[in-house]
Asks: 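Quick one: structure below, then a few questions.
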Amino acid sequence: MLTKVYGSAVFGVDATTITVEVNVDIGVGYHLVGLPDNAIRESNFRIAAALQNNGYKIPGKKLILNMSPADMRKEGAAYDLTLAMGILVATGQISEAHPLSNYVIMGELSLDGSLLPIRGALPIAVNAKSEGFTGFILPEQNAKEAAIVEGLEVYGVTSMKQVIDFFNTKIPLKQTFVDIKAEFYEHLQNPEFDFADVKGQESIKRCMEIAAAGGHNIILIGPPGSGKTMLAKRLPSILPPLTLSEALETTKIHSVAGRTMKKNGVITSRPFRSPHHTISDVALVGGGQYPQPGEISLAHNGVLFLDELPEFKRSVLEVMRQPLEDRDVTISRAKFTVTYPASFMLVASMNPSPGGYFNDPEAPVTSSPAEMQRYLSKVSGPLLDRIDIHIEVTPVPFEKLSDDRRGESSISVRERVTQAREIQASRFENFEMIHYNAQMGTKQIRKFCALDAPSLQLLKNAMERLNLSARAYDRILKVSRTIADLEASEKVTGDHISEAIQYRSLDRDGWLG
C-alpha cells in the first residue's frame, strides 16, 4: 500500500513542500531515501519507541520511505511525526477519517510520543496556505506563531496520540487563534524601555529622535557611565510601529533561527540585537555549513547595537559594509545560495580613547593623542562613511540625576517620528528601494535637499572652518532633510543645516585626522 503525507523544508526564509511517500511491500527492511541528513536517518529509532509506547508498532515488512523532491537535502528532526503518520496509515494501523492530503504535519518526537518544537513554523504555514492545504498540525509550542497566517487551520498538539485519534476516530483537535491587533496594541502602549527613564541628555535624545525619523545609522562617543547603552536600548521604543508585513517578515527570520518559541507568537516590537565584541564574522552576517541567519538579519526592521565598537575585530566590522548598503546579505555555497534580509539601523558606541576619557585633566585615566589616534583608527573610514550621525555624549551632572521629574515618554516621541516617516513614505512612493531619508542616493539628495544661496554658503563655511571631510557633505544633507521633516518643512533651511553639522564629530580635525 502506498500512502502520501506532507511536510515542509525551510530554505532561507521560504518553505518548500516535501511529499513523504511510504510504500509497504513483501519482505523485511526499513529504507529511507531522498537526501535525509543524519537526524532524519535516526528518526526510525525515535518513531519505533514512540509507536510502541502508544500501542502501535513498525511492522516486520519492507518499508520504503521517499522524501520528494529527492534532490533537495532535508535536515532536522521535524519530520518524525510526518514519517510516523505515513507508516501508520500505509500499514493499515489507523484509517483516514480526515484525508492526509489536506494537512501539513510536522513535529519532533520524544520516545514517549510527546512532541518537541520545530523551527520555521511561520514560513511553513505561509507556504501551506499558498499551496491550498486545509490545515497545519504541529507542536503546541509553535501553534501561535503559525496561527498568524489567516485562512489556514492551525492545530497545536502535545503528543502523537492526539494526531492518531484525530485521523483514526475523528476526535477533534483544538484550533489555535491569534488576535494580532491585540498583541500589537499591548506592546505599543507598554514599551519595555522608555525614554522617560533617562535623566538629562536632552540633546542626545533629540539626536536619537532624528536618527529614528530618518532611519540614520548613529554612533555615540563618550566616557564610561555617560548613558550610551541606556539610550541605545530605548531607540526601538521611538521607532514607528511594525506594520503587519514587517512583523511577518521579521517573525519568519526569527522562526528559521528557532528564536520565536520563547516569544510564543508574532514579533510585535522592533528587534534589538546587541552582540558581544568577541562575535565572529559568520555569527554576525550569517552562514555555516547549512546557512542560518546572523545577527544583522535577526535585527531586520530593528536595531543592531555594537557596544565598544573599536573592540570588535576589524574583519567582523568590514563584512557589514555591503549589507549596510544593500539591506540584505547573500550567503553562497557550492550547491546553493541563500539571501537573508538585513535592513537594520546601526547604533554603535565607543569611548573616545583607550582609557575612556578625552582631554579631561581630572580623569582617572588619560591617554596621549597618539594612543587615542591608534584607538580610533581601529574603525575604518569606509564603515564610518555609512554612519550618518556622530554625537558626543557627556556625563550627566548630579542635579539632573537627582531630579525626580520624568522626561518625555517614548510614546510621545514616537508620534513625531511616525509623522516624519509618513512624509518620507509619500515623498519616495515612486522609488522602489527607497522608503526613508537614510536610503537616498545622489539623485534624490540633489532633488529633495536643494539649498538656497545662504544655506549653501553656511554649509561651505562650516566644512572649511571645521575641516569636515568630503564624505560629510551628503550625510549632512540627509540629516538636515530629516530635521526639516520633523518640523513638517517642505524646504531645507539654514537652521536645519546648522543642526545637522553638529552631528559629524568624527569628521572634525582632532578626531580621525
Side-chain angles (χ1 to χ4, degrees), residues 195 198-214 216-235 238 303 305-312 345-369 371-381 383-401 407 459 462-463 465-469 471-473 475-476 478-480 482-483 496-513:
F195 263 101
V198 181
K199 303 291 185 182
Q201 302 291 23
E202 300 304 326
S203 62
I204 313 302
K205 291 179 188 177
R206 164 69 174 172
C207 193
M208 300 291 272
E209 180 180 340
I210 294 169
H216 302 288
N217 299 322
I218 181 173
I219 184 168
L220 309 173
I221 313 113
S226 56
K228 303 186 294 296
T229 302
M230 185 179 188
L231 287 160
K233 285 184 176 181
R234 282 154 177 77
L235 182 59
I238 64 171
V303 174
F305 177 48
L306 301 183
D307 199 5
E308 304 299 341
L309 187 67
E311 302 300 333
F312 284 79
M345 270 187 68
L346 174 63
V347 180
S349 73
M350 60 184 289
N351 296 323
S353 64
Y357 302 88
F358 172 54
N359 287 346
D360 185 354
E362 299 181 1
V365 181
T366 58
S367 302
S368 67
E371 289 174 330
M372 194 190 79
Q373 191 68 30
R374 281 196 301 271
Y375 180 74
L376 294 174
S377 65
K378 292 181 179 180
V379 184
S380 71
L383 180 61
L384 286 175
D385 189 32
R386 290 160 173 80
I387 300 178
D388 295 346
I389 298 176
H390 313 155
I391 188 69
E392 297 175 53
V393 184
T394 56
V396 182
F398 177 79
E399 291 75 14
K400 293 282 188 180
L401 285 174
L459 180 55
M463 293 192 68
R465 292 181 183 179
L466 299 176
N467 198 26
L468 296 176
S469 68
R471 66 171 176 257
Y473 179 76
R475 306 294 171 179
I476 289 173
K478 287 183 181 182
V479 174
S480 61
T482 300
I483 297 170
H496 307 142
I497 292 290
S498 298
E499 184 174 358
I501 289 169
Q502 301 176 47
Y503 305 141
R504 296 299 301 181
S505 296
L506 292 181
D507 282 316
R508 298 177 190 171
D509 190 19
W511 281 99
L512 293 180

Asks: Any side-chain heavy atom of Arg206 within less than 4.5 Å of one from Ile483?
Replies: yes
Asks: Within this structure, what is the CG-CG distance for the pair Leu346 and Asn217, rounded to the nearest 0.5 Å?
Replies: 5.0 Å
Asks: To the nearest 0.5 Å, what is the distance between OG on Ser203 and OH on Tyr503?
Replies: 7.5 Å
Asks: Give the minimum heavy-atom separation between Leu309 and Met350, together with the two atoms involved.
Replies: N-CB, 4.3 Å
Asks: Taking Arg504 for the side chain and Asp388 for the main chain, is one N or O donor matched with an acceptor at less than 3.5 Å?
Replies: yes
Asks: Looking at Lys228 and Pro223, would you say the former's side chain and the latter's main chain have a donor-acceptor pair under 3.5 Å?
Replies: yes
Asks: In Å and rounded to the nearest 0.5 Å, what is the CG to CD distance from Leu306 to Glu311?
Replies: 12.5 Å
Asks: Do Tyr473 and Leu459 have side chains that get closer than 4.5 Å, going by heavy atoms?
Replies: yes
Asks: Taking atom NZ of Lys378 and atom CZ of Phe312, what is their separation to the nearest 0.5 Å?
Replies: 12.5 Å
Asks: Can you see which heavy atom on Asn351 is nearest to which on Glu308, and at what distance?
Replies: ND2-OE1, 3.4 Å
Asks: Answer whether the closest heavy-atom distance between the side chains of Ile391 and Ile221 falls below 4.5 Å.
Replies: no
Asks: For a 4.5 angstrom cut-off between non-hydrogen side-chain atoms, does Leu220 reach Met208?
Replies: yes
Asks: Determine whether Ile210 and Ile389 make a side-chain contact, defined as any pair of heavy atoms from C-beta on separated by less than 4.5 Å.
Replies: yes
Asks: Check whether any side-chain heavy atom of Ile218 lies under 4.5 Å from a side-chain heavy atom of Cys207, and answer yes or no.
Replies: yes
Asks: Spell out, as yes or no, whether a donor-acceptor pair under 3.5 Å connects the side chain of Glu499 to the backbone of Val479.
Replies: no
Asks: Step by step, would you call Leu235 with Val347 a side chain to side chain contact (heavy atoms under 4.5 Å, CB included)?
Replies: CA-CA 9 Å; Leu235 182 59; Val347 180; 3.3 Å; yes
Asks: Between Glu209 and Lys205, does a side chain to side chain contact (heavy atoms under 4.5 Å, CB included) hold up when you go through it step by step?
Replies: CA-CA 6 Å; Glu209 180 180 340; Lys205 291 179 188 177; over 6 Å; no
Asks: Give the minimum heavy-atom separation between Thr482 and His216, together with the two atoms involved.
Replies: OG1-NE2, 2.6 Å
Asks: Return the CD1 to CE distance between Ile501 and Met463, rounded to the nearest 0.5 Å.
Replies: 9.0 Å
Asks: Does the side chain to side chain contact (heavy atoms under 4.5 Å, CB included) test come out yes or no for Phe305 and Lys233, once each step is laid out?
Replies: CA-CA 8 Å; Phe305 177 48; Lys233 285 184 176 181; 5.6 Å; no
Asks: Output, in order, the C-alpha distance, side-chain angles, deciding distance and verdict of side chain to side chain contact (heavy atoms under 4.5 Å, CB included) for Ser349 and Ile219.
Replies: CA-CA 5 Å; Ser349 73; Ile219 184 168; over 6 Å; no
Asks: Could you grab the distance from atom CD1 of Ile497 to atom CD1 of Ile476, nearest 0.5 Å is fine?
Replies: 7.0 Å
